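Nothing here was measured: the structure is a model prediction, and the numbers come from that model. Here, residue 1 is the first one in the sequence, and each next residue gets the next number.
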Amino acid sequence: MKWKTKDADVFLKSGEYVDSLLIPLTPVSFTQDFKSSVTMAEYTELLCGEMERQLHGRLFLAPNFTYVKSEPAIERLTSFIEHVTNSGHFKHIFLMTSDVYWKEFEQRLSGQLFWVPALPLDNMDENYKLEVVKEQVKPLFQLIFNDWQRSINS
């Protein structure tokens, strides 16, 4: 499910089945890191889109959490995750990024961080790009399924 009105309506009617939230972490920079930021954002969005497509009905895709690369964003993200947790809707929170910045804070985050280095996709054929993305998300699905299984067993 995506951050769209029609999906929000479905979520409100059957939200007990949608217990997982995926938050894309998207850096923004208009300085020397501009192209790198765009590449990371594009790649993260493709991965998140594929994950939402395959886990539709169980996973809700949050809007991008954007942040300026040169400023610390951990406090804002922590506050956002706290808001999500307090809503009572989601038992599982996953964060997706291509920015290695977040690895430093992984232990402080309430949620499972998926860091996948961005691949330059700008010159790839569309069909090949989709195949690459599908291959990249396979191990992430296993991590999500493991998290779901731990929750059932505890």
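Within the 4.5 Å cutoff, the side chain of W102 has heavy atoms near those of the I74 side chain. Counting heavy atoms from C-beta on, the side chains of L59 and H92 never come closer than 4.5 Å. Within the 4.5 Å cutoff, no side-chain heavy atoms of L61 are placed close to those of L21. Side-chain contact between L55 and F145: present, with at least one pair of heavy atoms (C-beta onward) separated by less than 4.5 Å. Residues D19 and F90 fail the side-chain proximity criterion, which asks for heavy atoms closer than 4.5 Å. Between L25 and I23 the shortest side-chain heavy-atom distance falls below 4.5 Å.
Considering only residues two or more places apart in sequence or on other chains, E50 meets the salt bridge (Lys or Arg N to Asp or Glu O under 4.0 Å) condition with R53. The side-chain hydrogen bond (donor to acceptor under 3.5 Å, both in side chains) search around T39 returns none, not counting sequence neighbours. Remark: K2 pairs with no residue by the salt bridge (Lys or Arg N to Asp or Glu O under 4.0 Å) rule, at least two apart or across chains. For E42, there are no side-chain hydrogen bond (donor to acceptor under 3.5 Å, both in side chains) partners two or more places apart in sequence or in a different chain. Residues that satisfy the side-chain contact (heavy atoms from CB on, under 4.5 Å) test with S29, not counting sequence neighbours, are T31, D33, S37, K69. For W148, the side-chain hydrogen bond (donor to acceptor under 3.5 Å, both in side chains) partners at least two apart in sequence or on another chain are S20. Scanning for ring-ring contact (aromatic ring centres under 6.0 Å, His included) contacts around F34 gives F30, with sequence neighbours left out. In this view, E71 satisfies the salt bridge (Lys or Arg N to Asp or Glu O under 4.0 Å) rule with no residue, not counting sequence neighbours. Shown here are the salt bridge (Lys or Arg N to Asp or Glu O under 4.0 Å) partners of K35, two or more places apart in sequence or in another chain: D122.
Follow the hydrophobic side-chain contacts under 4.5 Å out from F60 and you reach I93 in the same cluster. Hydrophobic clustering of Ile, Leu, Val, Met, Phe, Trp and Tyr side chains at less than 4.5 Å, counting indirect connections, keeps L121 apart from V38. Linking ILVMFWY side-chain heavy atoms closer than 4.5 Å, directly or via other members, places L140 and V132 in a single hydrophobic cluster. F94 is not connected to L113 by any chain of hydrophobic side-chain contacts under 4.5 Å among Ile, Leu, Val, Met, Phe, Trp and Tyr, and they are in different clusters.
To the nearest 0.5 Å, atom CD1 of residue I152 and atom CD of residue Q149 are 4.5 Å apart. Going from atom OH of Y101 over to atom NZ of K103 covers 14.5 Å, rounded to the nearest 0.5 Å. Atom NZ of residue K129 and atom CG of residue N123 lie 9.5 Å apart, to the nearest 0.5 angstrom. For the atom pair CG (L22) and SG (C48), the distance works out to 4.0 Å, reported to the nearest 0.5 Å. In this structure, L119 CG and M40 CE are separated by 13.0 Å, a value rounded to the nearest 0.5 Å. Atom CZ of R58 and atom CE of M1 lie 13.0 Å apart (nearest 0.5 Å).
Listed by first and then second residue, the salt bridge (Lys or Arg N to Asp or Glu O under 4.0 Å) pairs that reach into residues 74-89 come to none, sequence neighbours excluded. The list of salt bridge (Lys or Arg N to Asp or Glu O under 4.0 Å) pairs with a residue in residues 134-154, not counting sequence neighbours, reads E135-K138, D147-R150.
Partner of F65 under the side chain to side chain contact (heavy atoms under 4.5 Å, CB included) criterion, out of L95, T97, L77: L77 alone.
The aromatic ring centres of F114 and F141 sit 6.0 Å or more apart. The six-membered or imidazole ring of H89 lies near that of F11, with a centre-to-centre distance under 6.0 Å.
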Please walk me through it: do I144 and M51 pass side chain to side chain contact (heavy atoms under 4.5 Å, CB included)?
CA-CA 10 Å; I144 289 172; M51 292 174 74; 3.2 Å; yes
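When all heavy atoms of G57 and V18 are compared, the closest pair comes out as O-CG2, 3.5 Å. Of all the heavy atoms in V137 and Q54, the pair that sits closest is CG2-NE2, 4.4 Å. Smallest separation of non-hydrogen atoms from P117 and Y43: O-CE2, 3.5 Å. The two residues I81 and S110 come nearest to each other via the heavy atoms CG2-O, 3.1 Å.
Judged purely by atom type and a 3.5 angstrom limit, S98 uses its side chain to pair as donor or acceptor with the backbone of V116. Side-chain atoms of N64 do not come within 3.5 Å of backbone N or O of T66 as any donor-acceptor pair.
Under a 4.5 Å side-chain heavy-atom cut-off, the cluster of Ile, Leu, Val, Met, Phe, Trp and Tyr residues that includes W115 is completed by V100.
Judged purely by distance below 3.5 Å, without hydrogens or angles, the side chains of N146 and Q142 pair a donor atom with an acceptor atom.
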